Chemist: 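Questions regarding the structure given below will be posed in turn.
Letters go in sequence order (proteins before strands), and every chain restarts at 1. What you are looking at is a predicted structure, and each value in this text was computed from that prediction instead of being measured.
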Protein chains: 2
Amino acid sequence: MTKPEKKDGTVGKALEILDLVAEVGRPVRFSELLVTSQHPKATLYRFLQTLTNQGMLSYDEEKQTYAMGLRLVRLAHSAWQNSSLAPVAADILDQLEKEIGETIHLAQMENGQVLFVDKRRSSVLFETLAQTGRVAPAHCTGVGKVILAYMSAERLERALRQQAFVPYTATTHRDRESLIKEFEEIRSAGFAFDREEHEQGIISIAAPILLNNGRVVGSISVATSTTRFTLKDLEAFKPALLNATQKIGDAATTWQFPSPS
Amino acid sequence: MTKPEKKDGTVGKALEILDLVAEVGRPVRFSELLVTSQHPKATLYRFLQTLTNQGMLSYDEEKQTYAMGLRLVRLAHSAWQNSSLAPVAADILDQLEKEIGETIHLAQMENGQVLFVDKRRSSVLFETLAQTGRVAPAHCTGVGKVILAYMSAERLERALRQQAFVPYTATTHRDRESLIKEFEEIRSAGFAFDREEHEQGIISIAAPILLNNGRVVGSISVATSTTRFTLKDLEAFKPALLNATQKIGDAATTWQFPSPS
DNA sequence: CCATTAGGTTCCAAATATTGAGACCAAGTT
DNA sequence: AACTTGGTCTCAATATTTGGAACCTAATGG
């Protein structure tokens with residue numbers, strides 16, 4: 001009673017199961033879900049049934065596995081167009097890419113995680129983990145930290161509670177205090193670095209996208225590998241980066257702006 | 001009792017509302033949804049509430065509008081990777097693009113509609129309506145007709161019932177009979193044409209992707225404008241196209257294959 | 001400037017859908 | 001052949017959803 005936190009009935013539970021399947025990231029068996037979810041057999045079974053014939057999941061009869069359904073990609077298309085910064089930012093990202101020629105990510109906050117909503121690929125073949133639609137932890141990425149640093153106290157509190165502080169590398173922030181300490185630094189600099197905090201050998205510089213009323217709605221980063229650039233080198237991109245975030249912020253303010261998570 | 005057709009309780013209804021919002025394709029007001037949905041005020045309100053704080057919808061307080069939520073793009077990423085043909089087909093599409101240098105679409109069936117799950121853009125600046133995640137009617141597109149033509153009787157029946165037969169252009173099939181008649185032709189040819197049936201000035205050639213057991217799981221099309229090619233010209237792509245669909249079919253058979261809608 | 005209305009939100013008892021223990025079934029293992 | 005493991009089905013108890021109507025609030029108009 002002191003911590004209900006969630007009160008969304010059947011629909012909420014069903015969606016929880018979708019998340020579960022999504023998290024696994026591959027087709028998954030009934031029994032596997034049975035242990036990770038808290039539900040009894042019959043209940044889980046019915047949810048799976050419902051979600052499957054709604055097209056939110058797909059069921060492979062032969063392998064007897066569940067995977068995410070195609071209806072989601074249809075729905076997501078609409079989400080991407082209407083609720084993400086991607087359409088507003090597209091032209092500006094194109095321009096930024098031409099200017100600096102490195103990998104660029106456009107990210108927003110989704111339930112305490114960083115969600116990549118668009119990107120431009122470096123011409124050099126170099127893959128980061130990030131693809132459009134992919135998520136990453138907020139506490140150890142440039143895009144994540146810079147959004148957190150500019151959040152309102154209320155939203156920040158909620159987001160911090162959602163951080164698991166998984167220590168990916170030696171430089172990853174391991175607790176709330178350490179992370180919060182960096183925020184002041186980020187705010188006074190106007191941008192954040194990722195110092196190989198998520199992936200060994202990958203660094204980035206990220207700046208916040210602010211609405212004219214001061215609200216953060218997302219961020220952009222330029223990411224590269226330590227074999228090609230140092231943090232100092234990345235700092236050279238700062239003017240171009242801030243110019244881009246400024247423009248996107250302006251555009252998003254006048255345009256239909258998305259409500260943040 | 002004679003035609004329940006849908007029996008998915010609360011979850012089904014909630015998802016129906018998501019579809020509703022997606023269909024509008026722009027942020028939408030409460031009152032607008034109230035008339036298109038069948039639900040009473042209070043009920044709709046609660047659903048919107050639930051979906052919003054689940055991140056499936058986003059609410060713009062200022063404009064008082066609902067739009068699709070970012071959680072969907074996160075979930076869809078997983079769907080696209082696990083349940084679509086896109087990952088299996090990626091390399092083959094790349095190759096096909098190099099070979100013929102025209103716009104290519106990879107499509108699957110989703111609830112009676114054609115869903116584009118990937119594409120390769122022609123180097124010539126030429127935009128079709130199709131983007132990844134976008135949907136189109138099945139009865140008037142090459143990718144749609146060719147999938148229908150190879151479906152099992154049972155699945156076909158279901159799909160046909162979902163066709164609205166909107167007459168986009170002069171050549172669009174206007175009824176079930178006319179459409180069915182073309183299926184034999186398609187099957188004996190092994191591919192389908194789109195004769196400006198969806199968009200004036202856009203034609204395409206499409207071939208089915210078949211699992212080794214004969215089941216259709218998707219299709220590929222090469223689309224172009226009538227100012228650049230004729231149907232005869234498109235037919236020249238047939239060998240390359242069939243080669244690609246064959247390979248994708250093989251790959252999909254051995255690989256984790258998605259369950260069709 | 002008050003009256004009126006349209007768009008949203010909240011309440012609550014009745015109607016309905018969800019829930020889960022356990023029975024059941026199929027297929028593979030020992 | 002008995003035994004597991006993985007999955008599906010049934011049914012009564014229970015919790016949730018439901019929607020009419022009251023209630024807000026901010027616009028609109030007279």
Side-chain angles (χ1 to χ4, degrees), chain A residues 1-21 24 26-69 256 259, chain B residues 1-21 24 26-69 82-83 256-259:
Chain A
M1 298 256 161
T2 41
K3 263 200 154 190
E5 189 72 77
K6 290 184 178 189
K7 261 270 176 198
D8 285 326
T10 320
V11 176
K13 289 176 206 163
L15 295 176
E16 208 175 292
I17 293 188
L18 273 188
D19 269 346
L20 220 58
V21 178
V24 176
R26 64 180 157 70
V28 61
R29 271 215 184 64
F30 178 90
S31 51
E32 227 176 315
L33 289 172
L34 189 55
V35 296
T36 42
S37 87
Q38 308 284 43
H39 303 285
K41 259 189 184 180
T43 305
L44 179 62
Y45 177 69
R46 247 177 291 106
F47 274 127
L48 256 24
Q49 234 17 22
T50 304
L51 289 171
T52 300
N53 72 55
Q54 285 291 327
M56 302 298 279
L57 292 177
S58 71
Y59 181 62
D60 182 331
E61 300 206 352
E62 192 152 330
K63 299 200 168 183
Q64 305 194 132
T65 53
Y66 295 89
M68 306 304 281
Q256 45 115 46
S259 107
Chain B
M1 295 256 162
T2 41
K3 262 200 155 191
E5 189 73 76
K6 289 185 177 188
K7 263 271 175 197
D8 286 327
T10 321
V11 177
K13 288 175 206 164
L15 296 177
E16 207 174 291
I17 293 187
L18 272 188
D19 270 344
L20 220 60
V21 178
V24 177
R26 63 180 158 67
V28 60
R29 269 214 184 64
F30 179 90
S31 50
E32 230 177 313
L33 290 171
L34 189 56
V35 296
T36 43
S37 88
Q38 308 284 43
H39 303 285
K41 261 188 184 180
T43 306
L44 180 62
Y45 177 70
R46 247 175 293 108
F47 274 128
L48 256 23
Q49 215 53 355
T50 304
L51 289 170
T52 300
N53 70 58
Q54 285 291 326
M56 302 298 277
L57 291 176
S58 71
Y59 181 64
D60 182 331
E61 299 207 352
E62 192 152 332
K63 298 200 167 185
Q64 303 194 135
T65 54
Y66 294 90
M68 306 303 283
N82 291 307
S83 300
Q256 44 119 40
F257 45 92
S259 109

Chemist: Minimum heavy-atom separation for B:V35 and B:E32, please, with both atom names.
Modeler: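 Of all heavy-atom pairs spanning B:V35 and B:E32, the closest is CG2-O, 3.0 Å.
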Chemist: Taking the axis from the first five pairs and the axis from the last five, what angle separates them in the helix from C:dC1-D:dG30 to C:dT30-D:dA1, rounded to 10 degrees?
Modeler: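 Computed angle between terminal axes is 30°.
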Chemist: Between the side chain of B:T52 and the main-chain N/O of B:L48, is any donor-acceptor distance below 3.5 Å?
Modeler: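 Checking the backbone N and O of B:L48 against the side chain of B:T52, a donor-acceptor pair under 3.5 Å is found.
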Chemist: Find which nucleotide of DNA chain D each of A:G9 and A:Y45 is nearest to by heavy atoms, and output the residue with the more 5' nucleotide.
Modeler: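 Nearest-nucleotide comparison on DNA chain D picks A:Y45.
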Chemist: Starting at atom CG of A:L48, determine the distance to atom P of D:dG6, rounded to an integer number of angstrom.
Modeler: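 Between P of D:dG6 and CG of A:L48: 15 Å.
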Chemist: Could you state the CG-C1' distance from A:L44 to C:dG20, rounded to the nearest angstrom?
Modeler: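 Nearest whole value for this atom pair: 12 Å.
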Chemist: Which distance, rounded to the nearest 0.5 Å, do you find between the OG of B:S83 and the OH of A:Y66?
Modeler: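 These two atoms lie 13.0 Å from each other.
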Chemist: Grab the NZ-P distance between A:K13 and C:dG20 for me, whole Å please.
Modeler: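 Computing the A:K13:NZ to C:dG20:P distance gives 7 Å.
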Chemist: Side chain of A:Y59, heavy atoms from C-beta onward: which of D:dG19, C:dT9, D:dT8 has the nearest atom to it?
Modeler: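 Side chain of A:Y59 sits closest to D:dT8.
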Chemist: Is A:S31 touching bases, backbone alone, or none of the nucleic acid, heavy atoms closer than 4.0 Å?
Modeler: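 Contact class for A:S31: sugar-phosphate only.
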Chemist: Rounded to the nearest angstrom, tell me the gap between atom CZ in A:F47 and atom C1' in C:dA17.
Modeler: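 Result: 11 Å.
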Chemist: Reckon B:T10 has a side-chain N or O less than 4.0 Å from the OP1 or OP2 of C:dT18?
Modeler: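 Yes, such a contact exists.
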Chemist: Which pair of heavy atoms, one from A:K41 and one from A:F30, lies closest together, and at what distance?
Modeler: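 That closest heavy-atom pairing would be O-CZ, 3.7 Å.
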Chemist: Between B:T50 and B:R46 (side chain of the first, backbone of the second, donor and acceptor by atom type, cut-off under 3.5 Å), is there such a pair?
Modeler: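 Between the backbone of B:R46 and the side chain of B:T50 there is a qualifying donor-acceptor contact (under 3.5 Å).
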Chemist: Can you check the A:Q38 CD to C:dT19 P distance for me, whole Å?
Modeler: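 Result: 14 Å.
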Chemist: Check whether any side-chain N or O of B:R46 sits under 4.0 Å from OP1 or OP2 of D:dT16, and answer yes or no.
Modeler: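 No, B:R46 has no side-chain N/O under 4.0 Å of OP1/OP2 on D:dT16.
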Chemist: Check the distance between C:dA27's P and A:E62's CD and give it to me in whole angstrom.
Modeler: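 It is 14 Å, rounded to the nearest whole Å.
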Chemist: Hey, is the side chain of A:T43 poking within less than 4.0 Å of OP1 or OP2 on C:dG20, counting only N and O atoms?
Modeler: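 For C:dG20, OP1/OP2 do have a side-chain N/O of A:T43 under 4.0 Å.
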Chemist: Taking atom types as they are modelled, is there a donor-acceptor pair under 3.5 Å from the base of D:dG7 to the side chain of A:K41?
Modeler: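 Side chain to base: pair present.
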Chemist: Between A:Q54 and B:D8, which heavy-atom pair has the shortest distance, and what is it?
Modeler: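 In terms of heavy atoms, the two residues are closest at NE2-OD2, 2.7 Å.
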Chemist: Might you point out which heavy atoms bring B:A14 and B:L51 nearest each other, and give the distance in Å?
Modeler: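 That would be O-CD1, 3.6 Å.
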Chemist: Mind calculating the distance between CD (B:Q49) and P (C:dT10) to the nearest angstrom?
Modeler: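 Distance, rounded to whole Å: 7 Å.
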Chemist: Could you state the atom-to-atom distance from CZ of B:R29 to P of C:dA6 in whole Å?
Modeler: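 The answer, rounded to whole Å, is 15 Å.
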